[in-house]
Amino acid sequence: MAHFLLIQCPDEPGLVYKITGVLFRHGLNILRNGEFVERENSRFFMRTEFAGDFDPAQLLAELTELLPPGASIRFSDNHPKDIVLMATKEHHCLSELLVRHAYGELNARVLAVISNHEELGDLARRFDIPFHFVSHQGLTREAHEAAVLATLAPYRPEFVVLAKYMRILSSEFVAHYPNRLINIHHSFLPAFVGANPYAQAYERGVKIIGATAHFVNEQLDQGPIILQSVIPIDHTQSARDMAQAGRDVEKIVLARSLKLVFDGHVFVNRNKTVIFD
């Protein structure tokens, strides 16, 4: 079985030598390695795929002693991640993820679907996934979020995926899942934020439309970007045509971004990401 070593720390000379030397002394075989230095802040990132039996505590202790203070050191065996999906009424992202999950293409276990509307319940149940309807009607945002958090808690998800969940989450909610909430946004950020993005794009006569997958933080649609993609359009396409094309981009960008995160390719670096693909 392959294992992954994920490191980020202040940069200094000899880091690759030190890290690979530790792995060699433990009799481990490096299968693939990638490293990157963000020069602006002198920050070092390294993702190493290796094989062999090892004692995680012993390896961690030795790496911690050799690396600069404050180093982040993580091991992963690339296990399927436990996730909960949240959606509202649009089905395209949810259905894409459920199909990929059914065919083992997501490296995840979908534990449940949560929605503030009932429309997508039949879709979730077709895949034998528990569906929780948590209505927001008549509730304050705080009360509704408390109900959603109470629904999430028993599942203990590693990640929560907003598959077109069309409600703004408070910073208090986000704080429960730091760098573990992933959203798909219906534009090539930062353009056309808010409601009716395709109507805005149509009115402006844009020539490309796209989608952005990002981690959620306390600022609306400002979290670290994981993946973006665009497609060309022209004046012959109506706002409806553009919306359909946009939905196709959204579901693919979201699925690809989740695979990158779940496979341990993504490092969060303040409000950016470093991705080894």
Problem set entry | Any residue meeting ring-ring contact (aromatic ring centres under 6.0 Å, His included) with F215, in chain and number order, not counting sequence neighbours |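 Once residues adjacent in sequence are excluded, F215 has no partner under the ring-ring contact (aromatic ring centres under 6.0 Å, His included) criterion.
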
For this session: Go through the structure and list residues passing ring-ring contact (aromatic ring centres under 6.0 Å, His included) with Y155, not counting sequence neighbours.
Result: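 Y155 satisfies ring-ring contact (aromatic ring centres under 6.0 Å, His included) with H132 once adjacent residues are dropped.
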
State whether the number of non-hydrogen atoms from other residues, nucleotides or ligands found under 6.0 Å of [X] atom [atom1] is greater than 12.
{"X": "F24", "atom1": "CZ", "result": "no"}
{"X": "K207", "atom1": "NZ", "result": "yes"}
{"X": "D55", "atom1": "CG", "result": "yes"}

Does [X] reach the side chain of [Y], with side-chain heavy atoms less than 4.5 Å apart?
{"X": "R47", "Y": "F267", "value": "yes"}
{"X": "I129", "Y": "L123", "value": "no"}
{"X": "K251", "Y": "C93", "value": "yes"}
{"X": "V113", "Y": "F127", "value": "no"}
{"X": "Q244", "Y": "R240", "value": "no"}
{"X": "I184", "Y": "V253", "value": "yes"}
{"X": "L258", "Y": "K81", "value": "no"}
{"X": "L152", "Y": "F173", "value": "yes"}

Exercise. Is the ring centre of F262 less than 6.0 Å from the ring centre of F159?
Worked result: yes

For this session: If a pair satisfies salt bridge (charged side-chain N to carboxylate O under 4.0 Å, His left out) and one of its residues is in residues 126-139, list it, with sequence neighbours excluded.
Result: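 Residue pairs passing salt bridge (charged side-chain N to carboxylate O under 4.0 Å, His left out), neighbours aside: none found.
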
For this session: If a pair satisfies salt bridge (charged side-chain N to carboxylate O under 4.0 Å, His left out) and one of its residues is in residues 27-45, list it, with sequence neighbours excluded.
Result: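 For residues 27-45: E38-R270.
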
[atom1]/[X] to [atom2]/[Y] distance, rounded to the nearest 0.5 angstrom?
{"X": "K164", "Y": "L254", "atom1": "NZ", "atom2": "CG", "value": "10.0 Å"}
{"X": "I233", "Y": "D241", "atom1": "CD1", "atom2": "CG", "value": "9.5 Å"}
{"X": "K18", "Y": "T20", "atom1": "NZ", "atom2": "OG1", "value": "11.5 Å"}
{"X": "H214", "Y": "Q228", "atom1": "NE2", "atom2": "CD", "value": "9.5 Å"}
{"X": "I231", "Y": "M242", "atom1": "CD1", "atom2": "CE", "value": "9.0 Å"}
{"X": "R141", "Y": "H136", "atom1": "CZ", "atom2": "NE2", "value": "13.0 Å"}

For this session: Could I get the full list of salt bridge (Lys or Arg N to Asp or Glu O under 4.0 Å) partners for D122, not counting sequence neighbours?
Result: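 If we apply the salt bridge (Lys or Arg N to Asp or Glu O under 4.0 Å) test to D122, skipping adjacent residues, the hits are R125.
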
What are the two closest non-hydrogen atoms of [X] and [Y], and how far apart are they?
{"X": "L139", "Y": "S135", "result": "CD1-O, 3.4 Å"}
{"X": "N217", "Y": "G223", "result": "ND2-CA, 3.4 Å"}
{"X": "I209", "Y": "G246", "result": "CD1-N, 3.9 Å"}
{"X": "I226", "Y": "I275", "result": "O-CD1, 3.0 Å"}
{"X": "C9", "Y": "P68", "result": "SG-CD, 4.0 Å"}
{"X": "R100", "Y": "A255", "result": "NE-CB, 3.4 Å"}

Does [X] belong to the same Ile/Leu/Val/Met/Phe/Trp/Tyr cluster as [Y], with side-chain heavy atoms less than 4.5 Å apart forming each link?
{"X": "V110", "Y": "L120", "value": "yes"}
{"X": "Y165", "Y": "L149", "value": "yes"}
{"X": "L97", "Y": "Y103", "value": "yes"}
{"X": "V274", "Y": "V261", "value": "no"}
{"X": "V148", "Y": "V174", "value": "yes"}

Residues in side-chain hydrogen bond (donor to acceptor under 3.5 Å, both in side chains) contact with [X], at least two apart in sequence or another chain:
{"X": "R109", "answer": "D82"}
{"X": "Q237", "answer": "none"}
{"X": "E62", "answer": "R25, H26"}
{"X": "N107", "answer": "N78, D263"}

Problem set entry | Co-members of the apolar cluster containing I252 [side chain, <4.5 Å] |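 Taking Ile, Leu, Val, Met, Phe, Trp and Tyr as members, I252 stands alone, with no cluster partners.
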
Problem set entry | For L66, the rest of its hydrophobic cluster, which grows through side-chain links under 4.5 angstrom | L5, I7, L15, V16, I19, V22, L23, L28, I30, V37, F44, M46, F50, F54, L59, L60, L63, L67, I73, F75

Does the [X] side chain pair with the main chain of [Y], one donor and one acceptor, at a distance under 3.5 Å?
{"X": "E145", "Y": "S170", "value": "yes"}
{"X": "S115", "Y": "E118", "value": "no"}
{"X": "T273", "Y": "I225", "value": "yes"}

Listing, residues 83-92 side-chain donor-acceptor contacts under 3.5 Å, not counting sequence neighbours, or none:
residue: T88; atom: OG1; partner: N116; partner atom: OD1; Å: 3.3
residue: T88; atom: OG1; partner: M166; partner atom: N; Å: 2.8
residue: H92; atom: NE2; partner: E250; partner atom: OE1; Å: 2.7

Exercise. Would L162 and L169 satisfy side chain to side chain contact (heavy atoms under 4.5 Å, CB included), going step by step from the backbone distance to the final call?
Worked result: CA-CA 10 Å; L162 307 182; L169 298 174; 3.8 Å; yes

